[in-house]
Amino acid sequence: MRKWVKLVIKIGFLVAIVAGAFYYWLRPLLVRIESTTLASGIHVKFRTEGTNVEEYTNQAWQPYFAKGINMGATIPGHFPGELAISQDEYERWFGMIQDMGANVIRVYTIMMPEFYEALAKYNMKHQKDPLFFLQGIWSPEEQLIEGQDAFDPKIKSKFEQEIKDAVAAVYGKTTLMPEPHSGKAGGVYKYNAGPYLMGWIVGTEWDPKMVKGTNDLHADTPDYAGKYFRNKPGANAFEKWLALMVDTAAQTEIQYGWQHPMAFANWVTTDPIAHPGEPLVEEDLVSVDPTHIEAADWEAGYFASYHVYPYYPDFFAFDKSFQEMKNSKGEPDSYLTYLNKLKAAHPTMPVMVTEYGVPASLGVAHLGTLGRDQGGHSEQQQGEIDADLLQEIHGSGYAGAILFTWQDEWFKKTWNTQRYDEADRRAYWYNTLTNESFFGVLGMFPGKDEAIHIDGDAADWNKLKDKKKLDVQAPGFEEIWATHDEGYLYVMAKLSEPFDPSQESIYFGADTLPGGNRHGPELHGMTLDEGLETLIQLSDDDKSRMTIASNYDIHARLYERSGLPDIDPKEEQDDSGIFKPWKLAVNYLLEYPDSRVNHPFGDVDVGILERGFSDPARPDYNSKAMWQVQGQVLEMRIPWMLLGFSDPSSLSVINYMPQSKNKFEVTHVKGVRFVPWMVKNDQVALQEGSAAAQQVAVSAMPLYTWQGWEDKVNYVERPKQSYYIMKEALQKIQGPVTPTPQSGS
């Protein structure tokens, strides 16, 4: 009898465990997510109908506009694939995103399990107004570009497996173990987020040479007629391959009892529109046309997904045929013109712009029209431009607009700074010259963002513990203090007299390496025993800037044979006495036959230092403010790369060695020495009884040094001004519109 009782207890215990596990997996499905059910028993929550996306709600299909935001996979100090974002952080972010007015999150690839679990838990608390998501599926981008053949069996198999893994992860039915350092997510996926899915976006931006290579190699490949998707007559080989991949996603998903709208990722470079004014042949080489694929038996439907930024490719700025329409301000607007042409090219299907936006950064990578550049914006300017782009997308009749992006990501690279920094250490510091890192409306600021405000008030410095007094004897300066964080080297100076930038100038020379300028016009007759790599001048608004010794000028050294005008040989000599503007390239020299027309090399000065207030609580806050003076207190923050650092977290600077394979050599240094001087009435303020020609011992100046960092990266999370501007813009949009025809200019 006792054995029988024990057996019953054991069986009951096992049943409880199994039931609990089953409930744990099924719990999201038990949440009341209203959907319709097909005759086959398959659930459908979203579908496409004509040029609209529709949501099943209140027992009917309703037109739906995806007011979305893209979300990255990590936070400062981490690379993708590392377990960095907690469930609590995700849930808090989801609340902020909904409060901003967004209804959809788009992710590019399989996220860590915490994302899906957090989203399901969040939505269980918000059943009447859930937050949906678009799931992207990352294609084997590097292998595609390297092999130039999408039908390569290894590439095809790899992508098909990625599709199956993504679907299983969303529905909480897999365990993924990616290769170390692959950047891919992994873990046990046991939480079903499928009820909150809005749609699938298969793949990433397609390399045009790869697409053309695939088409050339497989021109005779037969049409693909899958169970749920097929290509139409006239599709090229790559489009047939995409039909197969979209169908693979559909065949995989239906096994979980659901259908969702399908799309593949696309961008302006491979759109089906001709860009006759595009200088670079490669940017208009080949088309990948969504209208060449159709749903054969997929009730949830099919839509087009495009990444559309206002500054790239270059035809946005140079092609007059894309400046025919005028915006609400009466300005010729290439972005608005493009949106209408793209929409017209897809007359029978919904189109979403699944990436748009500009970054708030010091660095700039491309120039657009109407000031819509890739970078160089304050947070306020970022928000105003993003809001304008949203309104144009919505007003042009699109089915959705997904802003790029939610959070800043320090690990990102940009084409015009990636040769200046160290790829495996980008996540550890805040490089405001790398604009790609700062598209977020949720700012990820360096560690002292709250501790130090650039405002000409020393009160915050008095509270700092990790600061150093620089024992420098210089006329006009009573005290000089320095500190640093992941983004800047900060300097605070107490001056002998109130500073008037309109009548006088303050200079700080910076020395990191042997070499550089020991004389020059800016020194007004002084000579130094050791050279300066960079120089800061603070005076009126038009003259405050950072310059770089001509023989250290990394921009000139990198692009000397790539489009820059001939460099005076004197500038290449050590101690030339010449300081050059600190520049970044924005476009290469383009010449026939690589380009349709000759196009000059372009660059911009990123060393301009704006005077302003960096306290976000102030009404006159300027996120780009680098210095301020009030009376006798001067404060400034210096971006690390402007000082020549390739990685401040390991005290590495770009050295004077010639570049090798388009990459500069670096040297590990002990720190930075600053040489301050003041100029009044075009004369250097001197020690009493000294002569202007007297040599200044830079080598005896105090060294500001610090411990490197990696394991402990400090950052401050804070919504940018752009968050609140976008909140106002998003909350005005309630659904899709039918655009009214607009006349050309």
Side-chain angles (χ1 to χ4, degrees), residues 70-74 79-82 106-112 134-167 169 176 178-186 200-218 236-246 248-249 262-271 280 282-283 285-288 290 304-309 312-313 354-355 365 402 404-405 409 411-415 418 423-424 426-427 434 436-437 439:
N70 289 271
M71 179 176 283
T74 193
F79 291 88
E82 297 177 0
R106 181 224 178 171
V107 294
Y108 311 95
T109 187
I110 302 169
M111 302 290 275
M112 298 298 282
L134 281 161
Q135 177 66 54
I137 305 176
W138 197 265
S139 54
E141 193 174 34
E142 293 181 2
Q143 293 94 323
L144 283 166
I145 292 173
E146 182 179 351
Q148 302 284 291
D149 180 8
F151 283 95
D152 180 301
K154 291 182 179 178
I155 293 174
K156 178 174 171 288
S157 175
K158 185 180 180 70
F159 194 23
E160 287 174 326
Q161 187 59 51
E162 184 74 10
I163 291 169
K164 293 172 184 176
D165 287 345
V167 177
L176 301 179
E179 298 174 5
H181 310 295
S182 66
K184 296 179 67 174
W200 298 95
I201 301 177
V202 177
T204 45
E205 295 171 345
W206 309 112
D207 176 70
K209 290 183 178 179
M210 179 276 297
V211 174
K212 186 176 186 303
T214 298
N215 291 340
D216 292 345
L217 285 170
H218 302 278
N236 61 40
F238 186 74
E239 291 162 351
K240 295 173 184 178
W241 179 85
L242 274 173
L244 162 65
M245 295 304 168
V246 173
T248 300
M262 294 280 176
F264 64 81
N266 211 352
W267 60 325
V268 176
T269 296
T270 53
D271 69 12
L280 194 60
E282 188 176 326
E283 296 294 346
L285 182 67
V286 67
S287 291
V288 180
S305 165
Y306 283 92
H307 303 168
V308 187
Y309 293 95
Y312 184 83
T354 48
E355 284 188 24
I402 316 295
F404 185 83
T405 186
E409 293 187 291
F411 77 90
K412 292 287 188 71
K413 64 181 179 181
T414 300
W415 71 274
Q418 65 182 5
D424 60 348
R426 289 181 183 129
T434 296
E436 194 72 28
S437 296
F439 277 84

Checklist entry - Between R106 and T354, is there a donor-acceptor pair closer than 3.5 Å when you use the side chain of the first and the backbone of the second? => result yes
Checklist entry - At their closest point, which heavy atom of A185 faces which heavy atom of P178, and how far apart are they? => result O-CG, 3.3 Å
Checklist entry - Are the aromatic ring centres of W206 and F238 under 6.0 angstrom apart? => result yes
Checklist outcome for this item: Rounding to 0.5 Å, atoms CZ (F411) and OG1 (T434) come to a distance of 12.0 Å
Checklist entry - Do you know which two heavy atoms are closest between W200 and A166, and how far apart they sit? => result CH2-O, 4.1 Å
Next on the checklist: Do M71 and T405 have side chains that approach each other closer than 4.5 Å (heavy atoms only, starting at C-beta)?
Outcome noted: no
Checklist entry - What do you reckon, is CH2 of W267 surrounded by more than 12 foreign heavy atoms closer than 6.0 Å? => result yes
Checklist entry - Going by atom types only, do Y312 and E283 share a side-chain donor-acceptor pair under 3.5 Å? => result yes
Checklist outcome for this item: CD (E205) and OG1 (T269) are apart, to the nearest 0.5 Å, by 7.5 Å
Checklist entry - Are any non-hydrogen side-chain atoms of N70 and E355 less than 4.5 angstrom apart? => result yes
Next on the checklist: Would you compute the distance between atom CD1 of I137 and atom OG1 of T109 and round it to the nearest 0.5 angstrom?
Outcome noted: 9.0 Å
Next on the checklist: Among residues at least two apart in sequence or on other chains, which ones pass side-chain contact (heavy atoms from CB on, under 4.5 Å) with A365?
Outcome noted: Q374, T414, W415, N416, N435
Checklist entry - Does T270 use its side chain to pair, donor to acceptor, with the backbone of V288 at less than 3.5 Å? => result no
Checklist entry - Could you give all pairs that pass the salt bridge (charged side-chain N to carboxylate O under 4.0 Å, His left out) test and reach residues 146-158, with sequence neighbours left out? => result K156-E160
Next on the checklist: Would you say that E141 contacts D207 through its side chain, given a criterion of any heavy-atom pair below 4.5 Å between the two side chains?
Outcome noted: no
Checklist entry - Quick one: do E436 and K413 make a salt bridge, cutoff under 4.0 Å? => result no
Checklist entry - Just wondering, do L280 and P313 contact through their side chains at under 4.5 Å, heavy atoms? => result no
Item to check | A150 to T214 - nearest heavy-atom pair and separation | outcome: N-OG1, 3.0 Å
Next on the checklist: For the NZ atom of K184 and the CH2 atom of W138, what is their distance to the nearest 0.5 Å?
Outcome noted: 11.5 Å
Item to check | Atom of L217, atom of Q148 and distance for their closest heavy-atom approach | outcome: CD1-O, 4.0 Å
Next on the checklist: Can you confirm whether H307 sits close enough to N266 that some side-chain heavy atom of one is under 4.5 Å from a side-chain heavy atom of the other?
Outcome noted: no
Item to check | Side chains of D271 and Y306 in contact at under 4.5 Å (non-hydrogen atoms) | outcome: yes
Item to check | Pair W241 and F264, ring centroids less than 6.0 Å apart | outcome: no
